[in-house]
Amino acid sequence: MKIGTPKEVFAGENRVAMTPDSAKQLQKLGYECIIETEAGTAAGFSDALYEAVGVEVVKTAAALWKAADIVAKVRPPNETELKRLNKDKTLISFFNPGGNEEGMELAKAKGGNVIAMEMVPRISRAQKMDALSSMANIAGYRAVIEAGNNFGRFFTGQITAAGKVPPAKVLVVGAGVAGLAAIGTSTSLGAITYAFDVRPEVAEQVESMGAEFVYLDFEEKQADGATTGGYAAVSSPEFREAQLAKFRELAPEMDIVITTALIPNRPAPKLWTEDMIASMKPGSVIVDLAAERGGNAEGTVADEKIVTENGVTIVGYTDFPSRMAAQSSTLYATNIRHMMTDLTPEKDGAVNHDMEDDVIRGATVAYQGEITFPPPPPKIQAIAAQPKKDPPRELTPEEKRAKEQEEFRAATKSQVTMLGAGLVLMLVIGAYAPASFMQHFIVFALACFVGFQVIWNVSHALHTPLMAITNAISGIIVVGALLQIGSPSWLVVILSFVSVLIASINIVGGFLVTRRMLAMFQKS
């Protein structure tokens, strides 16, 4: 079978769905690769690079659609492209099935199979095919670069011979994939970065990247992102008012604002209002990543950059990934290649469109003349964030002392009970056993007791290799000295007593030193 990539017909689109590297990987799956001439030129991939890895270059889109069994592209197909589908072809691209009813009906009429890359379910196994995240990552990075291009000062603070330069303050609204990419880029450039998101579980992610999470003094149970496909849920009016109040408080301090709040196929929520923009300092920059759906900032114009009366620049570009075409094409082509890997489990160059597979079924929006959108929920659900457990209550010094005394009393009681039971057992056995047996039995019991106290009954954290060796040697010395302590020679008795004393000091001292060493690494 042949997999082909046509040149994108959407005005200003520079990306391409197949790169020379991805073509080599597709050929390993058994496919022949074809591409329309100059399809990758805008992304920096010439026809010669494709020919060098064995990709056939055709002159027209019509010839490519006719020859290819699978067509991979970036932008949703237009009417002309959809009319070239038939029941033997598979189309893989962004499709926007929720807002492209006419395209869905035309695909159904043509009988072609359509895989929408934005419909890949957000489960762990499908992360390698998540083209939305790949493009959002680039958009977040590029948003910071565009902000810096329109911002008249440094991101990082500096102290120079000409004076002190304060660091820029950046606020990222929405900490999804694009937001986290923007946070990482902003902090790496040295800016003081703040971030806000309605999903409480992202606070730790934001703080781990060196940014400060903006909390609201508002109690509302938010839906976990794992239960909403990885997206934020719509907030209540009360929460929205508290959110806007917080933004009004922050607006005069921020130099750069990057907004990323967008729910698929919904108008973008207005989060940065005219009064907030009016309160910002001249020279400030707003980069609105939701411009394609109306924008999060009031006054955003899609695909344009405007300057307000008070000197605030609002960037409303909708083609951030296309502005980094080489990188975005590489990532998107890799997503396509991983999708083809799942579609070709035998690596024999033949598509196995398994509708029982969660990933393939979730991404398929038209199959064998039927519309299969929306898909059923995946059998494997994303794991929701677990609610945080309350930290254990810190004990007061008096409570700690009382607890230690209680544990000591319990241990002492246990030891006394065991010794008492052992003594009674010895007396019972001694009443009936011969003296020769009792002499050996007592030595055996003492050896067991010493071994238990020295080795078995000690915390594992205290058993360093050195401690294990010295305790073993000292234990042997103690047992040997006990065997000789009943000797009729007073010199042997004295030496045995000294041996027991020194070995016991070694054992006890070793544990005390080790415990003190471990205490050095404890917080309390």
Side-chain angles (χ1 to χ4, degrees), residues 11-12 14 135-158 165-176 178-196 211-212 214 243-244 246-262 267-325 328:
N14 298 320
M135 298 302 102
N137 181 30
I138 294 173
Y141 173 87
R142 183 70 186 197
V144 178
I145 302 303
E146 291 290 342
N149 188 46
N150 290 278
F151 184 56
R153 295 195 288 107
F154 293 137
F155 270 71
T156 184
Q158 293 188 11
V165 179
K169 291 186 177 181
V170 178
L171 173 65
V172 179
V173 181
L180 290 174
I183 291 167
T185 308
S186 175
T187 55
S188 66
L189 289 174
I192 299 175
T193 308
Y194 302 85
F196 173 83
E212 180 178 336
V214 177
Q243 184 180 18
L244 295 181
K246 188 65 176 180
F247 290 162
R248 289 189 181 95
E249 178 185 333
L250 294 173
E253 304 176 17
M254 295 299 122
D255 298 303
I256 295 171
V257 176
I258 299 173
T259 62
T260 70
L262 185 63
K270 295 299 180 185
L271 302 177
W272 211 257
T273 57
E274 289 183 0
D275 60 308
M276 300 177 197
I277 297 172
S279 67
M280 296 180 73
K281 294 171 286 191
S284 301
V285 180
I286 300 171
V287 181
D288 197 337
L289 291 180
E292 63 179 330
R293 302 295 296 179
N296 298 134
E298 290 186 347
T300 296
V301 179
D303 297 311
E304 292 186 19
K305 179 177 69 176
I306 64 170
V307 180
T308 64
E309 294 181 358
N310 63 322
V312 177
T313 301
I314 303 177
V315 179
Y317 301 149
T318 61
D319 60 347
F320 287 104
S322 183
R323 289 171 181 262
M324 299 183 67
S328 54

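Just so you know, these numbers come straight off a predicted model, no measurement behind them.
Looking only at distances, a side-chain donor or acceptor of S322 sits under 3.5 Å from a matching main-chain atom of G12. S188 places a side-chain N or O within 3.5 Å of a backbone atom of G184 that can act as its donor or acceptor partner. Listed for the K270 side chain is a donor-acceptor partner under 3.5 Å among the backbone atoms of G294.
Between P321 and I138, the shortest heavy-atom distance links the atoms CA-CG2, 3.8 Å. Between A195 and I183, the shortest heavy-atom contact is CB-CD1, 3.5 Å. Across every non-hydrogen atom of A302 and A291, the tightest pair is CB-O, 3.9 Å. Here the closest heavy-atom approach between residue E298 and residue I314 is recorded as O-CD1, 4.1 Å. In terms of heavy-atom proximity, I258 sits nearest to A143 at CG2-CB, 4.1 Å. Between V214 and L171 the shortest heavy-atom distance is CG2-CD1, 4.4 Å.
Taking E146 as the reference, R142 meet the side-chain hydrogen bond (donor to acceptor under 3.5 Å, both in side chains) condition, with sequence neighbours excluded. With sequence neighbours excluded, the residues satisfying side chain to side chain contact (heavy atoms under 4.5 Å, CB included) with V301 are E304, I306. Listed by chain and residue number, nothing satisfies the side-chain hydrogen bond (donor to acceptor under 3.5 Å, both in side chains) test with N149 (two or more places apart in sequence, or in another chain). Residues satisfying the side-chain hydrogen bond (donor to acceptor under 3.5 Å, both in side chains) criterion with T318, sequence neighbours excluded, are D303. For the side chain to side chain contact (heavy atoms under 4.5 Å, CB included) test, residues two or more places apart in sequence or in another chain that qualify with S279 are A251, P252.
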> What do the steps show when you test Y194 against L250 for side chain to side chain contact (heavy atoms under 4.5 Å, CB included), and what is the final call?
Replying inline: CA-CA 10 Å; Y194 302 85; L250 294 173; 5.6 Å; no

> So V257 and M280, side chain to side chain contact (heavy atoms under 4.5 Å, CB included) or not? Walk me through it.
Replying inline: CA-CA 10 Å; V257 176; M280 296 180 73; 3.8 Å; yes

>> side chain to side chain contact (heavy atoms under 4.5 Å, CB included), that's the test. Do I145 and M324 meet it? Break it down for me.
In response: CA-CA 11 Å; I145 302 303; M324 299 183 67; 5.9 Å; no

Output a table of donor-acceptor pairs, distance under 3.5 Å, between side-chain atoms of residues 281-288 and any protein atom two or more places apart or on a different chain; print 'none' if there are none.
unit_1: K281; atom_1: NZ; unit_2: D255; atom_2: OD1; d: 3.0
unit_1: S284; atom_1: OG; unit_2: K281; atom_2: O; d: 2.7
unit_1: D288; atom_1: OD1; unit_2: T259; atom_2: OG1; d: 3.0
unit_1: D288; atom_1: OD1; unit_2: A290; atom_2: N; d: 3.0
unit_1: D288; atom_1: OD1; unit_2: N296; atom_2: N; d: 3.1
unit_1: D288; atom_1: OD2; unit_2: N296; atom_2: N; d: 2.7
unit_1: D288; atom_1: OD2; unit_2: A297; atom_2: N; d: 2.9
unit_1: D288; atom_1: OD2; unit_2: T300; atom_2: OG1; d: 2.8

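Considering only heavy atoms from C-beta on, D275 comes within 4.5 Å of R248 through its side chain. Residues P167 and Q158 are not in side-chain contact: their nearest non-hydrogen atoms beyond the backbone lie 4.5 Å or more apart. Put simply, the side chain of V170 does not reach to within 4.5 Å of the side chain of M254, judged on heavy atoms. In this structure, F196 and K246 have side chains that are not in contact, with every pair of non-hydrogen atoms separated by 4.5 Å or more. Residues V315 and N150 have side chains in contact (heavy-atom distance under 4.5 Å, counting atoms from C-beta outward).
Ring pair F155/F151 is perpendicular by interplanar angle, where above 60° counts as perpendicular and below 30° as parallel. Aromatic ring orientation, W272 versus F247: tilted (interplanar angle from 30° to 60°).
Within the model, atoms CG of L244 and CG of L271 stand 7.0 Å from one another, a figure rounded to the nearest 0.5 Å.
Looking only at atom types and distance, the side chain of T187 has no donor-acceptor partner in the side chain of T193 under 3.5 Å away.
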